[in-house]
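See below for the structure under consideration.
Throughout, residue positions are numbered sequentially from 1 according to the sequence presented.
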Amino acid sequence: MAKIAYILLCHKDPDAIIAQAEQLTAAGDCMAIHFDARASREAYARIQGALQANSNVTFATKRIKCGWGEWSLVQATLNAVQAALEAFPRATHFYMLSGDCMAIKTAEYAHQFLNDNDRDFVESHDFFASNWIKTGMKEDRLIYRHFFNERTQSRRFYTSYDVQKKLGLTREVPADIQIMIGSQWWCLRRHTVEMIFEFLAQRPDVIRFFSTTWIPDETFFQTLVRHLVPREEIDNRTLTFLMFSDYGIPVTFYNDHYDMLLGQDFLFARKISPEAHELKDRLGQLYSADGVDFHISDEGRNLHSFLTARGRVGRRHKQRFWEAGNTLGPDRDVFLIVCKKWHVAKRLVDQIKSETDIPCVEYLFNEQDTALPDLGGIETTLLKRSRHRRALVRMLFDSFETDRLVLCIDPSDIEIIQDFCADQVKTHVLEVECEYSDDYLIGHARRVGLAGQDSPTETVARLVPTLHNAMEYESELIRGTALDRHARLRETSDRAENEDAIVQFLNVSQEQAQAIMRLDYLFAD
């Protein structure tokens, strides 16, 4: 059975560290602690005194003054891992933690998971080929030497960096090593950790190189594991659930996140708010519990993205460069059927195609398999379609040899609707207003990833008011965008009213509108 040695790097809150160590060792696991040398001796003595009788806790023999982005974080980790190797010969796995992490599964679950998955869990993406680094330095992290802390010694950091750039003082990456990058929160098998220390004993040049790179905790272990371990024995992910805001700031979890956290396909979560006392108490009791059944829904990131985006939909500072120079032309008409229930819009489209000669394309910006003509490759992926949408639609007009075109759009794509309404093309919008039961909205949440298939119904039900509000907000934005070229087809309206909406929308005869609306089951689920 797996036995985990937790590697804890921390620098504050002695009481929380003591509680964390006691909780994680209560089920038979162990822990090696590195407490930042910048912290007070009194705080460190307090931690040591409280845990000295716990045989499953050890401490790094040498404390390091750690700084963000520095080699010191890696050295502190190595010191703690070395202490764990020596103190816990029966430990099978080494799991990197911070003081802000807490278990979101039981020890029973974690041990069985590691038994069933004989591999190392570490994010390791190609440093140069991947887009893991979103902003700031990339190659310069490696090819220049960084001796100062960018946050506390900013002037020295950038002066040294600028001088090296001006004089061309670059260096080569070790020739036999492929630099990888990823999250610093890893879980490695004992054999892998032992291989790393053996490798470092033979290759001091590798330590010399990484010790002057910038933010080496995102590259050091990630590179060495991929260098030493066969690819098929590496799971390229972290077992610690963490999310970041649009601004790169870690998302903090609070008391009401308990159920959501337990449903994620991870063993730990970071960061838990220091003020979330109820959450910390519940998670602390969870780790040593037996027989807990976890329903993995894994909706956390999608749900966070959805909820934090409310109120910001459709607001953009300026047009993207590929849109600014593209116009569909003033002599063309594009008809947008905007409907959240895609099957309803598709039924309506089938009726329009059968009763008129207007070409229709279903959810081309939402469904990869939407039937489209060969347009030279721009149609091949959803990303290309969305990125070059005006060019795409212009090519559709040309391909169908028409000046009239019907498109289906999801109401959440307000940016696309606004884009067409801002063009010279005559844009007509038909908003299809369906009734949404709570069961439908719960099913919608599962379909779009806001909840997993195994999420408890009562948990998902809490989303229903938010989804109702989101749909009302989308409708307001659509009406404000389409203005005088907006028609509405309502499930609650009688057929005559909806026929008038079709006449207004497509500018067809009353007889054609009647034929289009002849479908009795248009709104049926």
Between D235 and N117: side-chain donor-acceptor atoms closer than 3.5 Å: no
Salt bridge (Lys or Arg N to Asp or Glu O under 4.0 Å) between E275 and K280, worked out: CA-CA 9 Å; E275 286 76 39; K280 296 176 80 169; over 6 Å; no
Electrostatic pair K426:D331 at N-O distance under 4.0 angstrom: no
Non-hydrogen side-chain atoms of V429 and I478 separated by less than 4.5 Å: yes
Side chains of V338 and V432 in contact at under 4.5 Å (non-hydrogen atoms): no
Heavy-atom check, side chain of E499 versus side chain of Q512, under 4.5 Å: no
Minimum side-chain heavy-atom gap L407-L405 below 4.5 Å: yes
NZ/K353: more than 12 non-hydrogen atoms of other groups inside 6.0 Å: yes
Any donor-acceptor pair under 3.5 Å from T106 side chain to D290 backbone: no
Nearest heavy-atom neighbours spanning D126 and S130: O-OG, 2.6 Å
Spacing of D413 atom CG and L336 atom CG [to the nearest 0.5 Å]: 10.5 Å
Considering all heavy atoms, the nearest L9-M96 contact: CD2-CE, 3.7 Å
Pairing of D520 and R495 as salt bridge, 4.0 angstrom limit: yes
Side chains of E474 and I414 in contact at under 4.5 Å (non-hydrogen atoms): no
Side-chain (K341) to main-chain (F523) donor-acceptor, under 3.5 angstrom: no
Sole candidate of W186, Y6, F121, W185 that passes ring pair (Phe, Tyr, Trp, His ring centres under 6.0 Å) when paired with Y95: Y6
Carboxylate-amine/guanidinium contact R490 E435, below 4.0 Å: no
E431 and S475: side chain donor to acceptor below 3.5 Å: yes
Contact check, side chains of L142 and I179, non-hydrogen atoms, under 4.5 Å: yes
Within the 6.0 Å centroid threshold, strictly below: F157 and W214: yes
Spacing of CE belonging to M395 relative to CG belonging to D374, to within rounding of 0.5 Å: 8.5 Å
Flag, side chain of Q351 to backbone of I516, donor-acceptor distance under 3.5 Å: yes
Aromatic ring proximity, centroids under 6.0 angstrom, Y109 and F294: yes
Sub-4.5 Å side-chain heavy-atom contact between K165 and D140: yes
E355 side-chain N/O to I352 backbone N/O, donor-acceptor pair under 3.5 Å: no
R485 versus T427, side-chain donor and acceptor atoms under 3.5 Å: no
Donor-acceptor pair between S124 and R226 side chains, under 3.5 angstrom: yes
Reported CG-to-CD1 distance for the pair N507 and I502, which is rounded to 0.5 angstrom: 12.5 Å
Trace of the ring pair (Phe, Tyr, Trp, His ring centres under 6.0 Å) decision for F335 with F505: CA-CA 8 Å; F335 302 92; F505 174 56; 5.5 Å; yes
Electrostatic pair D333:R404 at N-O distance under 4.0 angstrom: no
Under 3.5 Å: donor-acceptor pair, side chain of R488, backbone of A501: no
Criterion side-chain contact (heavy atoms from CB on, under 4.5 Å) on T219 and I181, from CA distance to verdict: CA-CA 5 Å; T219 56; I181 191 167; 4.0 Å; yes
Basic-acidic side-chain contact under 4.0 Å: R141, E218: yes
CG on L239 to CZ on R237, rounded to 0.5 Å: 5.0 Å
Audit row: L348, L519, side-chain contact (heavy atoms from CB on, under 4.5 Å) steps and yes/no: CA-CA 8 Å; L348 182 60; L519 194 66; over 6 Å; no
Side-chain donor/acceptor of D120 to backbone N/O of R189, under 3.5 Å: yes
Side-chain donor-acceptor pair present, Q112, D116, cut-off under 3.5 Å: yes
I215 vs W68, side-chain contact (heavy atoms from CB on, under 4.5 Å): CA-CA, chis, key distance, verdict: CA-CA 7 Å; I215 321 183; W68 184 88; 3.7 Å; yes
Taking every non-hydrogen atom, the tightest pair across R385 and F365: O-CE2, 3.4 Å
Donor-acceptor contact below 3.5 Å, side chain Q368 vs main chain L382: yes
Donor-acceptor contact below 3.5 Å, side chain H343 vs main chain A524: yes
Check: Y436 main-chain N/O paired with K340 side-chain donor or acceptor under 3.5 Å: no
Heavy-atom closest contact (V425 atom, F420 atom, distance): CG1-O, 3.8 Å
Check ion pair E233-R119 (N to O, under 4.0 angstrom): no
Approximate separation, where rounding is to 0.5 Å, of L392 CG and L328 CG: 10.0 Å
Taking every non-hydrogen atom, the tightest pair across E123 and S183: OE1-N, 2.8 Å
Enclosure of E401 CD (heavy-atom neighbours >12, cutoff 6.0 Å): no
Parallel, tilted or perpendicular, as decided by the 30° and 60° cut-offs, for the rings of F253 and H257: perpendicular
Non-hydrogen side-chain atoms of N236 and V122 separated by less than 4.5 Å: no
Within 6.0 Å of CG in D369, more than 12 heavy atoms from elsewhere: no
salt_bridge(E367, K346) N-O dist < 4.0 Å: yes
Distance-only polar pair, side chains of Y158 and E150, donor-acceptor under 3.5 Å: yes
Minimal non-hydrogen separation, V508 against A513, with atom names: CG2-N, 4.2 Å
Check: D217 main-chain N/O paired with Q222 side-chain donor or acceptor under 3.5 Å: yes
Distance-only side-chain donor-acceptor flag, Q178 / H227, under 3.5 Å: no
Test log, rule side-chain contact (heavy atoms from CB on, under 4.5 Å), inputs L489 and L522: CA-CA 11 Å; L489 199 71; L522 176 63; 4.2 Å; yes
Euclidean distance, L372 CG relative to E362 CD, rounded to 0.5 Å: 10.0 Å
Electrostatic pair R332:D398 at N-O distance under 4.0 angstrom: yes
Y363 and D410 side chains, donor-acceptor separation under 3.5 Å: no
